[in-house]
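These notes concern the structure reproduced below.
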Protein chains: 2
Amino acid sequence: MDKSDQLDVAFAALANPTRRAILAHLAQGEATVNALAEPFDMSLPAISKHIRVLENAGLITRGRDAQFRPCTLNARPLKVVADWTDQYRHIWVTRFDVMNEILLTMKETSDE
Amino acid sequence: MDKSDQLDVAFAALANPTRRAILAHLAQGEATVNALAEPFDMSLPAISKHIRVLENAGLITRGRDAQFRPCTLNARPLKVVADWTDQYRHIWVTRFDVMNEILLTMKETSDE
DNA sequence: TGATTAATTAACCATGTGGTATATTAAATG
DNA sequence: CATTTAATATACCACATGGTTAATTAATCA
């Protein structure tokens with residue numbers, strides 16, 4: 001899988017709030033599928049599918065512990081995403097609209 | 001649109017190599033739809049659709065100049081993406097696999 | 001062995017995505 | 001006014017996505 005394909009699957013995996021919430025959960029440490037499913041009003045197979053998508057993107061790895069399939073976060077694809085995004089950093093730090101936002105914030109702050 | 005929805009549409013928009021290439025093109029400056037379409041072996045309506053997706057994600061804005069619809073890059077959603085990704089930075093900079101990669105690179109460099 | 005628990009698989013459904021070809025709108029120009 | 005150019009709209013297609021329920025696998029435990 002080349003870099004572009006990696007970005008395809010990583011971005012696609014991240015384009016869903018349930019999957020981002022699962023990653024946030026795993027940032028706290030390893031968790032089972034049931035533990036990951038608990039906060040959601042959604043069937044277990046649905047969560048299982050989301051986990052599969054994250055796994056295919058390389059964002060998590062699944063272990064084996066008796067009947068449990070503990071999931072762990074693998075942040076490497078996030079670094080790939082961050083590196084890609086960084087290409088554009090110079091743009092958003094120099095654009096007028098962003099500058100304007102900063103000036104407005106300064107104004108609001110001084111008004112308090 | 002709340003922050004999560006913004007991330008949904010931004011990540012979804014970025015999950016496609018054609019659309020990322022269009023953004024790369026626009027990083028060089030404003031361009032028309034035809035100019036953006038030129039590098040691709042794809043119909044104009046297809047490109048038009050991609051542009052619509054980018055526009056809906058707030059990543060570009062379309063102006064009007066006679067028959068032309070010049071597109072300009074709007075990097076703000078990329079900042080939202082970068083900020084989200086940054087939450088996880090501490091993870092990928094501390095993981096063993098990444099450390100190992102760095103050590104290997106150091107070794108290779110010292111071998112040259 | 002039988003029952004329970006954890007998780008995945010299979011089959012299905014509605015909707016979205018990425019592409020096509022053709023038709024249409026809108027503005028500029030001969 | 002007719003033609004050309006730029007771009008979008010429409011209608012269609014194959015396939016992916018996000019969800020469901022029901023069935024199945026795999027391991028533990030009584």
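Bear in mind that the values here come from a model prediction, so they are computed numbers and not experimental data. Every chain is numbered from 1 and lettered A, B, ... according to where its sequence line falls, protein lines coming before strand lines.
- At a threshold of 4.5 Å between non-hydrogen side-chain atoms, the residues B:L7 and A:L14 do not count as touching.
- Between B:I47 and B:T18 the shortest side-chain heavy-atom distance falls below 4.5 Å.
- Below 30°, between 30° and 60°, or above 60°: for B:F11 and B:W84 the angle between ring planes is above 60°, a perpendicular geometry.
- D:dA7 atom C1' lies 16 Å from atom CG of B:L54, rounded to whole Å.
- Look at B:S48 and you'll find a side-chain N or O under 4.0 angstrom from OP1 or OP2 of D:dT8.
- When the options A:I51, A:L59, A:V53 are evaluated for a side-chain contact (heavy atoms from CB on, under 4.5 Å) with A:R19, the one that passes is A:V53.
- Nucleotides of DNA chain C lying under 4.0 Å from heavy atoms of chain A occupy a range whose first and last members, 5' to 3', are C:dT5 to C:dT9.
- When distances are taken from the side chain of B:T32 to each of D:dA7, D:dG19, D:dT8, the shortest belongs to D:dA7.
- Rounding to whole angstrom units, CZ of residue B:F68 and C1' of D:dT4 are separated by 11 Å.
- Using a 4.0 Å heavy-atom criterion, one finds that A:A66 contacts the sugar-phosphate atoms exclusively.
- Side-chain N or O atoms of B:Y88 include none that pairs as donor or acceptor with a backbone N or O of A:R76 at under 3.5 Å.
- Looking at heavy-atom distances under 4.0 Å, A:T18 makes no contact with the nucleic acid at all.
- Applying the 4.0 Å criterion to OP1 and OP2 of D:dG19, one finds that A:H50 has a side-chain N or O inside that range.
- The backbone N or O of B:H90 sits less than 3.5 Å from a side-chain atom of B:T94, completing a donor-acceptor pair.
- Rounded to an integer number of Å, the gap from CG of A:N16 to P of D:dG18 is 5 Å.
- OP1 or OP2 of D:dA7 lies within a sub-4.0 Å distance of a side-chain N or O belonging to B:N34.
- The distance from atom CG of A:L44 to atom C1' of D:dT25 is 14 Å, rounded to the nearest whole Å.
- Between B:R52 and A:K49, the residue whose closest nucleotide on DNA chain D is further toward the 5' end is B:R52.
- Sequence order on DNA chain D of the closest nucleotides to A:M42 and A:R64 puts A:M42 first from the 5' end.
- Of the candidates A:L26, A:L36, A:I22, A:L26 is the only one forming a side-chain contact (heavy atoms from CB on, under 4.5 Å) with A:I60.
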